[in-house]
Amino acid sequence: MNPTARVSEALQRAPRSLGGWLLGLPLWAWLGVFVLYPLVSVLLTSAGESYWEILVAPHSRRAIVNTLALGATVAVLATAVAFLYAYTVTRIALPKRVHRLLHFIALIPTVTPPFVFGVSLILLFGRRGLVTHMWLGLRGVDLYGFPGLVIVQVLAFFPYAYLLLRSLLLEMDPTLDEAGIVYGGTPFYVMRRITLRLLLPGCASAVFLVFTLSTTDLGNPMFIGGDFMVLTSQIYVTVIGLFNLKAGSVLAVALLIPCLILLALQKYVAARESYATVGERAARPAMRTADPWIRLPLAALSFAMAAFVIVFYLMIVVGASVKIWGVNYTLTFEHFHRVLFESWMLGTRAVLDTMLLGAIGAVVGSGIGLLGGYLVTCSRVPGRHWFDLCVTLPMAVPGILMGLGFSIAFNQPPLLLSGTAFIIVAIFLVRTVPYSQRAVVAAIMQVHKSLREASTMAGATELQTFRRIVFPMIRPAVLAGIIFNFTRNITTLSGVIFVVSPRWRLLTAAMLAEVETGRIGGAASLGTLLIVVVWCVNLLGYLLFERKNLRRLGA
Amino acid sequence: MANHHEQSLRRGGSFELTLERLTKVFQAADGHEVAAVDHLSLRVTAGTFLTLCGPSGCGKTTTLRMIAGLETPTSGEIYLAGQAIARIPPNRRNIGLVFQSYALFPHLTVFDNVAYPLQVKKEAAAVIRREVDEVLGLLELTTLTQRYPNQLSGGQQQRVALARALVTRPSLLLFDEPLSNLDARLRIHVRSEIRRLQKALGITAVYVTHDQVEAMSMSDEIAIMRDGKIEQVGPPKTLYFHPATKYTAEFIGRANLLPARVLAVEGSSARVQVFGREYRLSLPGAGVSPHDEVAVMLRPESVSLNGEGSKDLVGTIRQMTFAGTTVDYVVETDGMELLVTELGDYREVPLDEGMQVQVRLNADRMHLLSS
């Protein structure tokens, strides 16, 4: 290559890299301040302490054992249920409407804070619960602790496993099932030896996913854990109840370890074998079996699960609308009135603050995710792969650890942010940007490379290609991401519990306060409000984006 | 060795397959009902290799899937060896099916893939071993038994799929476009391999393809399908030289459809006028009457350019495509374009685009179409 050509190539490249740097620098700065700094703060806080002494203390040991036992039980049960549920939805002959209804019901817990189900458990199986007290006439009996947590977490988390397994079942080459049948297998035999076998890596992923969700759940252990302490509730009690920030930090770091291991396992399994995507992409939907031996039990189980979800869900609304649960079932608005309008309108402010901050966080988060996704996939900025890793790192960090990090790091100069709205939005962003960026990257990958290349060949710069070709194609994903972010923002408890302040209130934290003071009716009415907000926004999102999308696809 | 295997596998026997007014109605996305297969009746005599051939969407794959039992017919019946099977679930039909994607189980070795049909029948291990070894030997797969599908080439996967289809000595062998994932050279090889095996085993086979060359080179009989119905059934030569309809004529091979007028019908033949000249052609199945405007089919190789003897027409070469063995011309004459195929270009004065040529139509090869 002659020198002139080299110079002109360098000139061509320079502006691109410069533009990329201009975009990249603020993102790196953001990562440093709001991801690494809080994490390092927790580590430093915990460093002075004798880790070993804190971890082998009886209450910590008990919390660790409980966390693992609960996580493993919930993960296995939820995945088993999720597989059968997903199999029913994708492989069992039922009317189309029933399939759609089952799918829809399974989506409900994914837009609901998990501890809403915890409140329902109190209403159903608590000491004055509908089932335990009123129907069975038991006195002083409840399902708090391990059994209750298993029930609630399976209900709240099986949908995540279901969604994962369902998409794998839909992607699986349908001719494999057909071949299994044509060569003489019964539907049950094919389900076990072909379908389930091919889905094992997916099931393993689902187990690890649910395990993580269970170990990082704070609300349910707080609401219905009773004496059954797990790491998250232990951290909360240590920090808020005992004011022992150092011991809390040690436990929070300890919680990070299983989360990292689970994430690594999940990646390892996903990378190792993915039979499900071998072969033809599903051109035609898979066969649906009508064999009664497999159809009836599976349908019954799935309907039962769906019914449980609905009952637990409705229970919140009922619990919010009667006078004193277990004593006086007169319909009343008194709980709503109290939480919304008494004590200086605290509830109303919580609703408004939650919506405002949640919305700001959702929009900004999607923006950052879009920028990050662009940098990672379309640009040639140096270090972009590291960037992807760093941004997605918080996925593995439990919300309570991140929240603790925020409360330590930003409670002192140079960045004194405690009590501001900014700190809440910032933690929303840290918790959602990884998902936004991943979604953007995945959506961009869907846009065939040749389309981008065609645009480049037509003379467009990278930025032009992104703006005119890539962005219009991924816009639905970005808009759906805003709704997802909002939902996640307003339903998180563990992330915000250490950063809420009297000046800025959030519904989830307010719910925890109600439960802690034993006002279940108040908690239920706040839960109802939260659900209403979530549904309104999701419905709005559906009407605005999804339907248009579906119409464009001709569905 | 292979011969010995073929002998013992023969015990499967050959059976007749009959489809009787077979119909499959699907609900389209807009709510309308569409008959993918529409009152289709067909008889495949024992030991015959029949190909269902037609463009995509003609219902050939749906027909095959109904025979396999993967789709339930809306109405009609399927008889295999005289027994009605339309209501028998697919796992009890003992039919071998080779899938387009092969559908090899990715988590099982070659041996276990082929053993699967016997294992689900709970055969004794020794029997499974013997039968699988036999069929693997027949398909020359003995060295690959412990491999997994993703460690095999496309052609090898194809043979494993065939082995799995044959291992139970099925009463019927079905193929769903099994060669579409192979490269052109391998396709020709596997084509003759499948045909040789099917003949040696004497098994009745139904093969689905949209590729008419594949259909002609493998089949005893071809059923041309159109809109869920059968347009014409017959041996490849019959369909090629004596198609019943324009549709068949144009689907099988390339064809010139010359406009013609019937002058008179005399016994089993008719006098027709083509390009102003009179020809006496034998009548097709369906009747034609005088003054009918009909079409006469003439294959491109039955037209010659600048040859000896009388000339019929004068035309201009509009396009010439050299393909090695043959040369294709498009000749414009009398306001229509004629397709002409000749063996490789051995002329002293080569023809080229824009040249005027004398065109001769081979009257012996003209075929009168009724519609």
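Here the structure is a predicted model, which is why all the values come from computation and not from measurement.
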Does a side-chain heavy-atom distance below 4.5 Å link [X] with [Y]?
X: A/Pro187; Y: B/Asn91; result: yes
X: B/Leu108; Y: A/Arg193; result: yes
X: B/Leu97; Y: A/Glu178; result: no
X: A/Leu176; Y: B/Pro106; result: yes
X: B/Leu70; Y: A/Val182; result: yes

Shortest non-hydrogen separation from [X] to [Y] and the atoms involved:
X: A/Gly180; Y: B/Tyr116; value: O-OH, 3.0 Å
X: B/Ile95; Y: A/Tyr183; value: O-CE2, 4.3 Å
X: B/Ser101; Y: A/Thr175; value: OG-OG1, 3.1 Å

What do you reckon, is [atom1] of [X] surrounded by more than 12 foreign heavy atoms closer than 6.0 Å?
X: B/Phe26; atom1: CZ; value: yes
X: A/Trp293; atom1: CH2; value: no
X: B/Arg92; atom1: CZ; value: no

Practice prompt. Starting at CD1 of A/Ile194, measure out to NE2 of B/His107 and round the result to the nearest 0.5 Å.
Written response: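 Between A/Ile194 CD1 and B/His107 NE2, I get 4.5 Å after rounding to 0.5 Å.
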Response to the item:
Separation between CD1 (A/Ile181) and CZ (B/Arg93), nearest 0.5 Å, reads 12.0 Å
Using non-hydrogen atoms only, which part of [X] is less than 4.5 Å away from chain A: side chain, backbone, both, or neither?
X: B/Phe105; answer: both
X: B/Arg164; answer: both
X: B/Leu118; answer: neither

Fill in: Option in B/Ala165, B/Ala161, B/Gly69 with maximal non-hydrogen atom pairs under 4.5 Å from chain A
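Of B/Ala165, B/Ala161, B/Gly69, B/Ala165 has the most heavy-atom pairs under 4.5 Å with chain A.
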